[in-house]
Protein chains: 2
Amino acid sequence: MAMQPEILELENFLPYRLYRLADDVSREFSRIYKDSHGLTRPEWRTLSGLGQRGTMTATELGEQSAMHKTKVSRAVAELERRRWLTRTPGENDRRVEHLTLTRAGLAAYREMVPLAKAFEQALLAKLSVNERASIVKGVLSLEIALDRRQRPSAEEYKTPAGKG
Amino acid sequence: MAMQPEILELENFLPYRLYRLADDVSREFSRIYKDSHGLTRPEWRTLSGLGQRGTMTATELGEQSAMHKTKVSRAVAELERRRWLTRTPGENDRRVEHLTLTRAGLAAYREMVPLAKAFEQALLAKLSVNERASIVKGVLSLEIALDRRQRPSAEEYKTPAGKG
DNA sequence: TTTCGATGGTTACAAATGAAACCAATTTGG
DNA sequence: CCAAATTGGTTTCATTTGTAACCATCGAAA
């Protein structure tokens, strides 16, 4: 075996491929909230988190949607400015603020959820049944391996609107 | 079917999970080039690309490693400042610059490649054989679905881009 | 009570990023 | 040959991001 210097093939390097893939998907998806409402990703995640859970504090939001304190803080400030959410001081603990979507915020959320789901379905629809199973299983296993998994359910990725 | 407003579960939303996963992996991996040499990701990719292919122009580098012009430009400037690469004006076309790693740049590259490979192996080693197959297959299928796949093999890069 | 250390959240500052303007060399179409 | 459009690459400027410092409140301990 020749001792030629070891070469790393960037195009086949998993961290690079994952990043690139996620970035492409995310960029594509961002149209949904960026083009329609001019939201940033942290803002979208905030809206999404509150729409999903109803009420959270900034810290909880950060945990749920994997955002740093400062991102949460700024996103919340912007959504408040738009009057898409309100802050309610905690009764027991005055440091925390309970965040809730306003009617307007909820409306925006409800408008975007179907688009988001459609996006995901369209993406998965480009794959075969086996490939769908693979990406779901693969991603989940890596999440577990990194001990970063939040919720384990994978049942939802079965099939987009009919088999095949 | 109840008419409750549609909820999106962020934790199970593929674009979000992909992004988060890639971000975690990438952040973890960045120690290898950040902690040891203070490189940024664009700088690492530049080093990696040139180490792999030998010589490229800035445009080619951007294509290979999915970086915007400006990122390439700045990364190249920094690596040049470190004397890790040199620019050679194109003979036929004086707009382009052929970039090549210096001895020092190559040394850094050779030092980091085994670490990068070890990182990838360690990551994959946390998965079962089936899970490994799944993530590889799943990622590849999505790359293809997005039509973003680069070449899976470096065999085709043997020739240094001589026209025709 | 007072003090001290943690915690929730914001802000200040520096670095990284992207869009667009820009410069220079090159090609194209008269 | 020349003017316009193109291309390779850099720079400027505004935005986004992360780190760290910061303010206020809280909980525990003395």
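The figures that follow rest on heavy atoms only: side chains count, while hydrogens, waters and symmetry mates do not.
Here D:dG9 presents its P atom at 12 Å from CE of B:Met56, a figure rounded to the nearest Å. In this structure, A:Lys71 atom NZ and D:dA20 atom P are separated by 16 Å, rounded to whole Å. Atom NZ of B:Lys69 and atom C1' of D:dT11 are 11 Å apart (whole Å). Rounded to whole Å, atom C1' of D:dG18 lies 8 Å from atom CZ of A:Arg74. Atom-to-atom, CG of B:Leu79 to C1' of D:dT10 comes out at 16 Å; the value is rounded to the nearest Å. In this structure, CZ of B:Arg27 is placed 10 Å from C1' of D:dT17, rounded to the nearest angstrom.
The salt bridge (charged side-chain N to carboxylate O under 4.0 Å, His left out) pairs that include a residue from residues 116-140 of chain B are A:Glu6-B:Lys117, where partners are two or more places apart or lie in different chains. Each ring pair (Phe, Tyr, Trp, His ring centres under 6.0 Å) pair with one or both residues in residues 63-110 of chain B, not counting sequence neighbours, appears once here: B:His37-B:Trp84.
Counting only distance, with no hydrogens or angles, the side chain of B:Arg87 and the backbone of B:Glu97 share no donor-acceptor pair below 3.5 Å.
Residues passing the side-chain hydrogen bond (donor to acceptor under 3.5 Å, both in side chains) test with B:Arg31 are B:Glu28, sequence neighbours excluded. By the salt bridge (Lys or Arg N to Asp or Glu O under 4.0 Å) test, B:Glu111 is found to be paired with no residue, residues two or more places apart in sequence or in another chain being considered. In terms of the side-chain contact (heavy atoms from CB on, under 4.5 Å) criterion, residue partners of A:Thr86 (sequence neighbours excluded) are, by chain and number, A:Thr100, A:Thr102. Residues satisfying the side-chain contact (heavy atoms from CB on, under 4.5 Å) criterion with B:Glu43, sequence neighbours excluded, are B:Leu39, B:Thr40, B:Ala75, B:Glu78, B:Leu79, B:Arg82. Qualifying salt bridge (Lys or Arg N to Asp or Glu O under 4.0 Å) partners for B:Arg27, counting only residues two or more places apart in sequence or in other chains: B:Asp23. Remark: A:Phe119 engages A:Phe29 in a ring pair (Phe, Tyr, Trp, His ring centres under 6.0 Å) (not counting sequence neighbours). Shown here are the side-chain hydrogen bond (donor to acceptor under 3.5 Å, both in side chains) partners of A:Ser30, two or more places apart in sequence or in another chain: there are none.
Contacts between residues 34-51 of chain B and DNA chain C, defined by a heavy-atom separation under 4.0 Å, are made by B:Thr40, B:Pro42. Only A:Asn92, A:Asp93, A:Arg94, A:Arg95, listed by number, bring a heavy atom of residues 85-101 of chain A to less than 4.0 angstrom from any atom of DNA chain D.
No side-chain heavy atom of B:Thr46 sits less than 4.5 Å from a side-chain heavy atom of B:Leu99.
Side-chain N/O atoms of B:Thr59 include none lying less than 4.0 angstrom from OP1 or OP2 on D:dT7.
Contact footprint of chain B on DNA chain C: nucleotides with an atom under 4.0 Å from a non-hydrogen protein atom, first to last in 5' to 3' order, C:dA16 to C:dT26.
Along DNA chain C, the nucleotide closest to A:Thr70 and the one closest to A:Asp23 are compared, and the more 5′ of them pairs with A:Thr70.
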